[in-house]
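Taking it in order: structure first as structure tokens, then the write-up.
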Amino acid sequence: TLINLDSNDRIEQLLNYFIDARYDEVIELNDQTIEGIFIAQDEIIKAYKYFIKKDFKSLHLSIIDLDNVKDCLSDIELFSLLLIVFESHFYTMQYKKAYEYINLMKKVKFNDKKFNLFIKERNFILSCKMELSNVEYLFEEIRKDIHLFSLEKQFSLLLHYYETFNTEDAYKYILD
């Protein structure tokens, strides 16, 4: 069971870049890998690069390689694997599969508020896409921290909420 993530600077850096949508830096991080020294870390970084470049065939092969050694991965490496699998299912609109992975990711406890917000955000958007019954509750949870998101992200979250419910109340909240 994942409870708290252990520290790993390269993978933490990768997660920060990915969460902040600094994709060029993810790819640059991959270019700095030393082939054969940190095999699992290098493969995780490559998987993120394949996702960013939409090379799903290579991504799938990386995921298979990482899945074969998942028992040897550190908690943060395993979380990174869960995140990239979630993102690939989400991107390809396989929402039921993505939902399985977001539920695993929610069990991870971070000391970093940014990671926790990212998981909350992804969970909320996925619930909107799937029109789940928990959307209103998740929206109230997101609303507590909405000021921590960029204005662009705030508007995006509000639009997801509005599109899910298409109600007058949702529209009024967006206008506020």
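Values below: every heavy atom of this structure, side chains too, minus hydrogens, waters and symmetry copies.
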Kindly list each side-chain donor-acceptor pair under 3.5 angstrom involving residues 83-94, sequence neighbours excluded, with atom names and distances?
residue : atom : partner : partner atom : Å
Glu87   : OE1  : Arg122  : NH2          : 3.3
Glu87   : OE2  : Arg122  : NE           : 2.7
Glu87   : OE2  : Arg122  : NH2          : 3.3
Ser88   : OG   : Ile84   : O            : 3.3
Ser88   : OG   : Val85   : O            : 2.9
His89   : ND1  : Gln94   : OE1          : 2.8
Thr92   : OG1  : Ser88   : O            : 2.8
Thr92   : OG1  : His89   : O            : 3.3
Thr92   : OG1  : Gln94   : NE2          : 3.3

Nearest heavy-atom neighbours spanning Leu73 and Glu77: CA-OE1, 3.5 Å

Evaluate the side-chain proximity of Phe155 to Leu159: yes if any heavy-atom separation is below 4.5 Å, no if none is. yes

May I ask whether Leu61 and Phe56 are part of the same hydrophobic cluster, defined by side-chain heavy atoms of I, L, V, M, F, W, Y residues being less than 4.5 angstrom apart, directly or through others? no

Ile45 and Leu14: which non-hydrogen atoms are nearest, and at how many Å? CG1-CD2, 4.2 Å

So, does Ser156 use its side chain to make a donor-acceptor pair with the main chain of Glu152 at under 3.5 Å? no

Atom CD of Glu43 and atom CG of Leu66: how far apart are they, to the nearest 0.5 Å? 5.5 Å

Taking all non-hydrogen atoms of both residues, which atom of Asn123 and which atom of Tyr99 are closest, and how far apart? OD1-CE1, 4.4 Å

Mind listing the side-chain donor-acceptor pairs of residues 130-139 below 3.5 Å, one per line with the distance, residues two or more places apart or on another chain?
residue : atom : partner : partner atom : Å
Asn134  : OD1  : Ser127  : OG           : 3.3

Counterpart residues, salt bridge (Lys or Arg N to Asp or Glu O under 4.0 Å), relative to Lys113 (two or more places apart): Asp145

Does Asn68, at its CG atom, have more than 12 non-hydrogen atoms belonging to other residues, nucleotides or ligands within less than 6.0 Å? yes

Asn16 side chain to Glu12 main-chain N or O, any donor-acceptor pair under 3.5 Å? yes

One pair to check against side chain to side chain donor-acceptor pair (under 3.5 Å): Asn103 and Lys106. What are the steps and the verdict? CA-CA 5 Å; Asn103 284 327; Lys106 288 189 306 189; 3.1 Å; yes

Tell me whether Glu140 at atom CD has more than 12 heavy atoms from other residues, nucleotides or ligands lying less than 6.0 Å away. yes

Can any side-chain N or O of Tyr48 pair as donor or acceptor with the backbone N or O of Ser80 at less than 3.5 Å? yes

Around atom OH of Tyr101, are there more than 12 heavy atoms from other residues, nucleotides or ligands closer than 6.0 Å? no

Partners passing salt bridge (Lys or Arg N to Asp or Glu O under 4.0 Å) against Lys57 (at least two apart in sequence or in another chain): none

Measure across Met105 and Ile119 and return the closest heavy-atom pair with its distance rounded to 0.1 Å. O-CD1, 3.8 Å

Using the test side-chain hydrogen bond (donor to acceptor under 3.5 Å, both in side chains), find all partners of Asp55 that sit at least two apart in sequence or belong to another chain. Ser58

Side-chain ion pair, Arg10 and Asp42, N-O less than 4.0 Å: yes

Taking all atoms of both residues into account, what is the closest heavy-atom pair of Glu141 and Lys120, and its distance? O-NZ, 3.5 Å

Please examine the side chains of Gln154 and Leu151, heavy atoms only from C-beta on, and report whether any two atoms are closer than 4.5 Å. yes

So which atom in Thr164 and which in Cys128 form the shortest heavy-atom distance, rounded to 0.1 Å? OG1-CB, 3.1 Å

Ring-face cation of Lys54 near Phe51 (centre distance under 6.0 Å, axis angle within 45°): yes

Other residues, nucleotides, ligands: >12 heavy atoms within 6.0 Å of Lys114 NZ: yes

Please enumerate all residues that pass salt bridge (Lys or Arg N to Asp or Glu O under 4.0 Å) together with Lys97, with sequence neighbours excluded. Glu100

